[in-house]
Amino acid sequence: MAGSPTARRRRLSIELKKLREKSALTCAQVGQALDWSGSKVNRMETGSGRVQPSDVDALCRFYDTSDELREFLKSLAREAKTRGWWQVHGAGVPEWFNIYIGLEQDASTLRQYQCEVLPGLMQTEAYARELHTTGAHMSAEDIDRAVRVRLERQEMLTRPDAPEAWFVVNEGAVRNVIGDREVMREQLERILETTGLPSVTLQVLPFDSGTYPATGSFTMLGFPAPEDPDLVYRDGITDAVYLEGEHHVREYTRAFDGLRAAALSPQRSARLVQSVVKEYSK
């Protein structure tokens, strides 16, 4: 069973939609049969609202599922109500990013392209604080919370079951000075340290790589259970987009493979980062 509340909610939504589609019914038809609105059924299938175990029980009895499946889905509904460790930080973590963190915690693979800044899972406290402080309309307390969450997220890379994480970063993200040269030197040393982990791979896309198949940063998450499909995540200043369809995942996978092909090898990438560290050490 998926571990985080977000992942449980997503798994529940997927299973409920599969049951309805297997019955060849619309959301409106199911809602009418249960004296609900069709929009309620739709919300349950999209994970856009809390799902009560009693509602899951009613749906499962309507679909005539086995007792085992009914109890399993009810347990997902109950456990989806729990709060993740990152949710105690309030306004330091916006709601749309809460969703991503919950999914990230359960990912078995993580593929990320960053074109402007270095990956959050590799950032030092000073680098992360500078990013949150510059241009952010957050209180000092919320900035502290946001930085603390970012640092706690990094622990996933050192877990025994750490996801296979592959990062491609634009050379501009390596050379763009965030804070000052000392902050950047420490940050790049952290990058080299993190790439020493067995589950982490980093490639740098050099300035002279030519045309490459991507516009903007994105992250692809894969999950251990075959019932949980891969998804693509892209965020902005005030919101985020989650893409789950096969077409989206296929095209972003193709783009990421193209970026990996255009980027320096992991070994040459490390040497480039080391050379920039030396520049900042002068």
Side-chain angles (χ1 to χ4, degrees), residues 6 86 93-105 107 109-124 127-136 146-147 149-151 153-154 156-157 163-179 183-184 187-188 190-191 194-195 199-223 230-245 247-264 266 269 272-273 276:
T6 308
W86 57 92
V93 183
E95 181 60 32
W96 52 266
F97 195 57
N98 270 327
I99 297 171
Y100 172 78
I101 297 176
L103 295 169
E104 180 186 69
Q105 293 298 301
T109 62
L110 185 152
R111 290 166 285 176
Q112 185 176 92
Y113 171 60
Q114 285 288 354
C115 59
E116 295 181 336
V117 299
L118 296 168
L121 291 176
M122 297 181 169
Q123 292 175 8
T124 63
Y127 186 96
R129 185 173 299 279
E130 189 69 27
L131 290 176
H132 280 97
T133 301
T134 304
V147 172
V149 168
R150 181 157 299 184
L151 297 179
R153 283 171 54 212
Q154 297 173 3
M156 66 184 288
L157 295 180
E164 178 186 331
W166 198 301
F167 303 93
V168 176
V169 299
N170 193 286
E171 185 176 346
V174 174
R175 295 189 179 277
N176 184 28
V177 178
I178 301 297
V183 170
M184 286 304 299
Q187 174 58 71
L188 295 179
R190 170 67 62 81
I191 292 288
T194 306
T195 55
S199 63
V200 177
T201 302
L202 174 80
Q203 290 182 262
V204 176
L205 187 70
F207 288 139
D208 61 359
S209 62
T211 305
Y212 47 86
T215 55
S217 303
F218 64 89
T219 302
M220 300 180 63
L221 299 177
F223 303 92
D230 293 1
L231 64 82
V232 178
Y233 169 82
R234 299 190 68 156
D235 63 8
I237 296 175
T238 60
D239 60 3
V241 175
Y242 296 85
L243 305 171
E244 299 185 79
H247 169 72
H248 296 299
V249 172
R250 182 175 62 252
E251 290 304 311
Y252 275 89
T253 298
R254 183 177 300 167
F256 191 77
D257 288 343
L259 289 165
R260 290 195 299 184
L264 301 175
S269 296
L272 185 149
V273 174
V276 180

Distance, nearest 0.5 Å, that separates [atom1] of [X] from [atom2] of [Y]:
{"X": "Asp230", "Y": "Leu221", "atom1": "CG", "atom2": "CG", "answer": "8.5 Å"}
{"X": "Thr109", "Y": "Trp166", "atom1": "OG1", "atom2": "CH2", "answer": "12.0 Å"}
{"X": "His132", "Y": "Tyr127", "atom1": "NE2", "atom2": "OH", "answer": "12.0 Å"}
{"X": "Leu157", "Y": "Leu110", "atom1": "CG", "atom2": "CG", "answer": "8.0 Å"}
{"X": "Leu202", "Y": "Phe167", "atom1": "CG", "atom2": "CZ", "answer": "8.0 Å"}
{"X": "Gln203", "Y": "Thr195", "atom1": "CD", "atom2": "OG1", "answer": "12.0 Å"}

- Query: Any side-chain heavy atom of Tyr242 sitting closer than 4.5 Å to one from Leu103?
  - Reply: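 Tyr242 vs Leu103: side chains touch.
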- Query: Would a 4.5 Å heavy-atom cut-off, applied to side chains only, mark Leu121 and Thr194 as touching?
  - Reply: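 Not touching, per the 4.5 Å side-chain cut-off.
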- Please assess Glu116 against Asn176 for the test side-chain contact (heavy atoms from CB on, under 4.5 Å), listing each intermediate value before the final yes or no. CA-CA 8 Å; Glu116 295 181 336; Asn176 184 28; over 6 Å; no
Heavy-atom donor-acceptor pair, [X] side chain to [Y] backbone, under 3.5 Å:
{"X": "Ser209", "Y": "Ala262", "value": "no"}
{"X": "Tyr252", "Y": "Leu243", "value": "no"}
{"X": "Gln187", "Y": "Met122", "value": "yes"}
{"X": "Gln114", "Y": "Thr219", "value": "no"}
{"X": "Ser269", "Y": "Leu264", "value": "yes"}

- Message: With a 4.0 Å cut-off on N to O distance, would you call Arg254 and Asp257 a salt bridge?
- Response: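 So Arg254 does not pair with Asp257 through a salt bridge.
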For the student: nearest non-hydrogen atoms of [X] and [Y], plus distance:
{"X": "Phe207", "Y": "Glu171", "result": "N-OE1, 2.9 Å"}
{"X": "Met184", "Y": "Ile178", "result": "SD-N, 3.4 Å"}
{"X": "Arg234", "Y": "Ser217", "result": "NE-O, 3.5 Å"}
{"X": "Val232", "Y": "Phe218", "result": "CG1-CB, 4.5 Å"}
{"X": "Val147", "Y": "Arg129", "result": "CG2-CA, 3.7 Å"}
{"X": "Arg190", "Y": "Gln154", "result": "NH1-OE1, 3.6 Å"}

- Message: Taking CD in Glu164 as the centre, count heavy atoms belonging to other residues, nucleotides or ligands within less than 6.0 Å. Is the count above 12?
- Response: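 Result for CD/Glu164: open.
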